[in-house]
Participant: 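Below are the structure tokens for one structure; questions will follow.
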Amino acid sequence: MKINSICCIGAGYVGGPTMAVIAQKCPHIKVTVVDLNESRIADWNDANLENLPVYEPGLDAVVAEARGRNLFFSTDVDKAIDEAQMIFISVNTPTKNYGAGKGMAADLKYIELCARQIARVSKQDKIVVEKSTLPVRTAEAIKNILDHTGNGVQFQILSNPEFLAEGTAVQDLHNPDRVLIGGEDKDAIKSLVDIYANWVPAEKILTTNVWSSELSKLTANAFLAQRVSSINAISELCEKTGADVSEVSKAIGMDVRIGSKFLKASVGFGGSCFQKDILNLVYIAKSYGLHEVADYWEQVVIMNDHQKNRFSRNIVQTLYNTISGKKITLLGWAFKKDTNDTRESAAINIAQNLIAEQAKIAVYDPKVSEKQIKEDLISLDENQLKLIQVNQDPYEACHNSHAIAVLTEWDEFNTYDWQKIYNNMLKPAFIFDGRNLLDKKQMTKIGFTYIAVGSSNL
Ligand code: UDX
Ligand code: UDX
């Protein structure tokens, strides 16, 4: 099937950028991205590209090039499904918060709703592509629903997991390390391979069976997260022994068998995928009775929780065991730099922990809105919420603070006038650098008590 019309259900961090790049690179294909969320679609259609709902460097230029030409954003899901030969499912698959598998399994409610809607609306044969990260063998469930429509329409299911990282999504989509396509039907696979072949070299397009493809996505995220937890485990040991985790990272990373990436000690990993996908893997392993496998991977998440909690505990202990009434400034709220996404961001945990100790929190993040920050803290009561203020200006956020915690590695933090910030803080002035971003020597010279992750402060 030569594809000239695509629909994507889900205009989020994955669906939006991925479809924008497909449309950019394939001007001969009409790409319609649909979503139930009307305000999200309105933002994707906003004439002012600064209002796109997803912030990603370079995304505005891609959208500007393709939108209105062959890239469309709409809430008319039925129409887009009906018109498309190929449908990507890119809806969210959060961790289940009820019933069996609560807190671990992926909630496939939205996926099933999509499958049922596709089954109901389709009048012609279609290829359905799983883009969302899914538990192994989900394709089987989707196929089951689609095959029982009774109206004779044929569906082929492919798995095409997305490996883009937020903050570098456009770059990752333009130059992927690999594109993975899992499926059984050769023609359907070829239709999708042909789309990517418009800009991705053939040797980087990998085809596998559906189950390998689904499992590869979970495994890739589990391995990446495991590296972060591994180096974070070592960071705690470094703090006790006088070793420096940056030096250890460099030394081990130069071994080509280990490699240098994903070895940066931090306040803990965040993002919508790592924790969810590992818990999902753990749940699947348990459901097959593989308890050792499940325990092995669960430890990655346990270590990450420990890293976040010990970071906030260290702030309390260092500030003479009480932070009640003290102002602490959080620089950064996003789960990493160059994104406005805050899902599972370590900042949320840190803020909750500090507020539980009755600290006053000031937050500054260059891309995250006050509304989002307040939504992330929805579990706090009214009095606790009064303890949090969000500033538009970093200098104001730091004014009269007892301590600063750097929680996101935004480049701009390195460009600040730190002498000025120091002058306006209470003394002793502390910096807890959860990203090892700032220059320790410079900070110490100014007079800060500078505390990094993974190096001894003796
Ligand atoms: C999501 C998943 O979290 C991830 O596992 C997967 O790999 C890709 O999809 P993301 O794009 O970051 O990632 O999620 P999100 O930004 O929440 O976007 C999902 C969108 O789907 C939302 O805009 C939501 O409104 C929409 N949606 C959800 C529908 O349009 N229909 C539904 O039935 C459910
Ligand atoms: C991840 C995967 O990288 C991507 O392939 C997949 O499609 C989705 O999940 P993402 O969560 O967007 O992408 O960002 P990533 O760069 O992987 O960072 C995840 C978290 O780990 C961030 O909080 C980041 O700050 C943290 N991290 C990463 C570290 O703490 N140290 C590191 O060395 C690397």
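Position 1 is the first residue of the sequence; numbering continues from there.
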Participant: Work out which heavy atom in A405 is nearest to a heavy atom in F311; give both atom names and the distance.
Facilitator: CB-CE2, 4.1 Å
Participant: For G167, does its backbone N or O pair with a side-chain atom of T339 as donor and acceptor, under 3.5 Å?
Facilitator: no
Participant: Against the six-membered ring of F72, is K30 placed for a cation-pi contact (under 6.0 Å from the centre, within 45° of the normal)?
Facilitator: yes
Participant: Compute whether any side-chain donor of one residue and acceptor of the other, for E83 and T32, lie under 3.5 angstrom apart.
Facilitator: no
Participant: Closest approach of L134 and T138, non-hydrogen atoms and distance?
Facilitator: CB-OG1, 3.5 Å
Participant: Is a salt bridge present between D411 and K337, judged by a nitrogen-to-oxygen distance below 4.0 Å?
Facilitator: yes
Participant: Go through the side-chain N and O atoms of Y450 and D439 and say whether any donor and acceptor fall under 3.5 Å apart.
Facilitator: no
Participant: Whether the S235 and R310 side chains hold a donor-acceptor pair (N or O, under 3.5 Å, no angle test) is what I'd like checked.
Facilitator: yes
Participant: With rounding to the nearest 0.5 angstrom, report the CG to CZ distance, D177 to F163.
Facilitator: 9.5 Å
Participant: Could you give the distance from CD1 (I142) to CG (D147), rounded to the nearest 0.5 Å?
Facilitator: 11.5 Å
Participant: Check whether the side chains of N209 and E184 place a donor and an acceptor atom closer than 3.5 Å, and report yes or no.
Facilitator: no
Participant: How long is the span from the CD atom in Q85 to the OG atom in S122, to the nearest 0.5 Å?
Facilitator: 12.0 Å
Participant: Out of curiosity, E130 CD to I157 CD1, how far, rounded to the nearest 0.5 Å?
Facilitator: 7.5 Å
Participant: Could you tell me whether the side chains of S191 and Q156 share a donor-acceptor contact shorter than 3.5 Å?
Facilitator: no
Participant: Working to the nearest 0.5 Å, report the span between CG of L330 and CG of L354.
Facilitator: 6.5 Å
Participant: Check K336 with D341, please: is the shortest side-chain N to carboxylate O separation under 4.0 Å?
Facilitator: no
Participant: Between K308 and D305, is there a salt bridge with N-O shorter than 4.0 Å?
Facilitator: yes
Participant: Taking the six-membered ring for Trp, are Y55 and W410 parallel (under 30°), tilted (30 to 60°) or perpendicular (over 60°)?
Facilitator: tilted
Participant: CD1/I6 to CG/L192 distance, rounded to the nearest 0.5 angstrom?
Facilitator: 8.0 Å
Participant: Any luck finding a side-chain donor-acceptor pair between E292 and Y296 under 3.5 Å?
Facilitator: no
Participant: Cut-off 3.5 Å, side chains only: do S39 and N37 have a donor facing an acceptor?
Facilitator: yes
Participant: Under 3.5 Å, is there a donor on one side chain and an acceptor on the other for D376 and W333?
Facilitator: yes
Participant: Considering non-hydrogen atoms only, spot the tightest contact between I87 and A84 and give its length.
Facilitator: CG1-CB, 4.2 Å
Participant: Kindly indicate whether the side chain of L438, heavy atoms from C-beta on, has any atom under 4.5 Å from the side chain of N414.
Facilitator: yes
Participant: Do R67 and F73 meet the cation-pi criteria used here (NZ or CZ under 6.0 Å from the six-membered ring centre, within 45° of the axis)?
Facilitator: no
Participant: Taking 4.0 angstrom as the limit, do E236 and K240 come out as a salt bridge?
Facilitator: no
Participant: What pair of heavy atoms forms the shortest contact from D338 to P57, and how long is it?
Facilitator: O-CD, 3.6 Å
